[in-house]
K.L.:
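After the structure tokens below, expect a handful of questions from me.
Being a predicted model, the structure only gives us computed values, none of them experimental.
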Amino acid sequence: QVQLVESGGGSVKSGGSLRLSCVSSGFTYDRYSIGWFRHAPGTEREGVAALDTDGLTTYANSVKGRFTISRGNVKTIVYLELNDLKPEDTAMYYCAACHFCSAESFYTIVKTGAGYWGQGTQVTVSS
């Protein structure tokens with residue numbers, strides 16, 4: 001059974017940092033691309049970052065240069081480093097997995113339902 005478990009969210013002040021973790025189980029890690037979405041009340045769910053099985057990454061324009069997605073030494077863990085956080089980064093952050101999706105197509109494919117989701121971790125940034 002595929003499981004994705006996020007952790008690392010919290011409350012920080014503007015300019016602060018957090019590191020989110022996504023621990024996966026139930027599938028072979030090198031066959032699945034992993035990415036992060038976020039969803040704030042009253043907004044559309046937004047793809048934030050993705051890491052595909054070739055090691056390629058993609059980022060939303062709103063987070064480029066501030067967020068970094070990477071796979072840990074323990075290969076079933078994918079991290080999202082959030083730096084220089086802003087109040088508009090406040091959202092529930094979700095980890096998602098997609099079988100052999102490219103970084104470019106990750107958000108589209110997962111949004112259509114062809115992927116797996118975690119339960120989310122809340123990030124709150126105050127000014």
K.L.:
Flag the pair V78 / W36 as yes when at least one side-chain heavy-atom distance between them is below 4.5 Å, and no otherwise.
P.N.:
yes
K.L.:
Let me confirm one number: the OG-NZ distance from S127 to K86, rounded to the nearest 0.5 Å.
P.N.:
13.5 Å
K.L.:
Can you tell me how far CE of M92 sits from OG1 of T124, rounded to the nearest 0.5 angstrom?
P.N.:
8.5 Å
K.L.:
Side-chain contact test, heavy atoms from C-beta onward, threshold under 4.5 Å: evaluate it for S33 versus T53 and give yes or no.
P.N.:
yes
K.L.:
Going from OG1 on T57 to CD1 on I34, what distance comes out if it is rounded to the nearest 0.5 angstrom?
P.N.:
14.5 Å
K.L.:
Say whether V123 and V12 are linked into one hydrophobic cluster, either directly or through other cluster members, by side-chain heavy-atom distances under 4.5 angstrom.
P.N.:
yes
K.L.:
Check the orientation of Y32 and F27. Use parallel for under 30°, tilted for 30 to 60°, and perpendicular for over 60°.
P.N.:
tilted
K.L.:
Walk me through it: do L85 and F67 pass the test side-chain contact (heavy atoms from CB on, under 4.5 Å)?
P.N.:
CA-CA 9 Å; L85 281 160; F67 291 9; 3.9 Å; yes
K.L.:
Under a 4.5 Å cut-off applied to non-hydrogen side-chain atoms, are S62 and E88 in contact?
P.N.:
no
K.L.:
Without swapping roles, check the side chain of E81 against the backbone of R19 for a donor-acceptor pair under 3.5 Å.
P.N.:
no
K.L.:
Donor-acceptor check, side chain of E6 to backbone of Q119, threshold 3.5 angstrom: yes or no?
P.N.:
yes
K.L.:
Could you pull out the closest heavy-atom pair between T90 and Q122, with the gap in Å?
P.N.:
CG2-NE2, 4.0 Å
K.L.:
Give a yes or no answer on whether the side chain of T76 reaches the backbone of V23 with a donor-acceptor pair at less than 3.5 Å.
P.N.:
no
K.L.:
Is there side-chain contact between I69 and Y59, with heavy atoms separated by less than 4.5 Å?
P.N.:
yes
K.L.:
With a 3.5 Å distance limit and no angle check, can you tell me whether D52 reaches the backbone of D54 through a side-chain donor-acceptor pair?
P.N.:
yes
K.L.:
Does any non-hydrogen side-chain atom of L80 lie less than 4.5 Å from one of L82?
P.N.:
yes
K.L.:
Does any non-hydrogen side-chain atom of R38 lie less than 4.5 Å from one of D89?
P.N.:
yes
K.L.:
Which atom pairs, donor and acceptor, lie under 3.5 Å between side-chain atoms of residues 95-114 and protein residues at least two apart or in another chain?
P.N.:
residue, atom, partner, partner atom, Å
S102, OG, S105, N, 3.2
S102, OG, S105, OG, 2.8
S105, OG, S102, N, 3.4
S105, OG, S102, O, 3.4
Y107, OH, V48, O, 3.4
Y107, OH, A49, N, 3.1
K111, NZ, R45, O, 3.2
T112, OG1, I109, O, 2.6

K.L.:
Distance from S17 atom OG to R66 atom CZ, nearest 0.5 Å?
P.N.:
10.0 Å
K.L.:
Same cluster or not: are L18 and L51 linked, directly or through other Ile, Leu, Val, Met, Phe, Trp or Tyr residues, by side-chain heavy atoms under 4.5 angstrom apart?
P.N.:
yes
K.L.:
Nearest 0.5 Å please: distance from the CD atom of E44 over to the NE2 atom of H39.
P.N.:
7.5 Å
K.L.:
Below 4.5 Å, heavy atoms only, C-beta onward: do Y94 and L20 meet side chain to side chain?
P.N.:
no
K.L.:
Search all heavy atoms of S14 against all heavy atoms of P87 and return the closest pair with its distance.
P.N.:
OG-CD, 3.8 Å
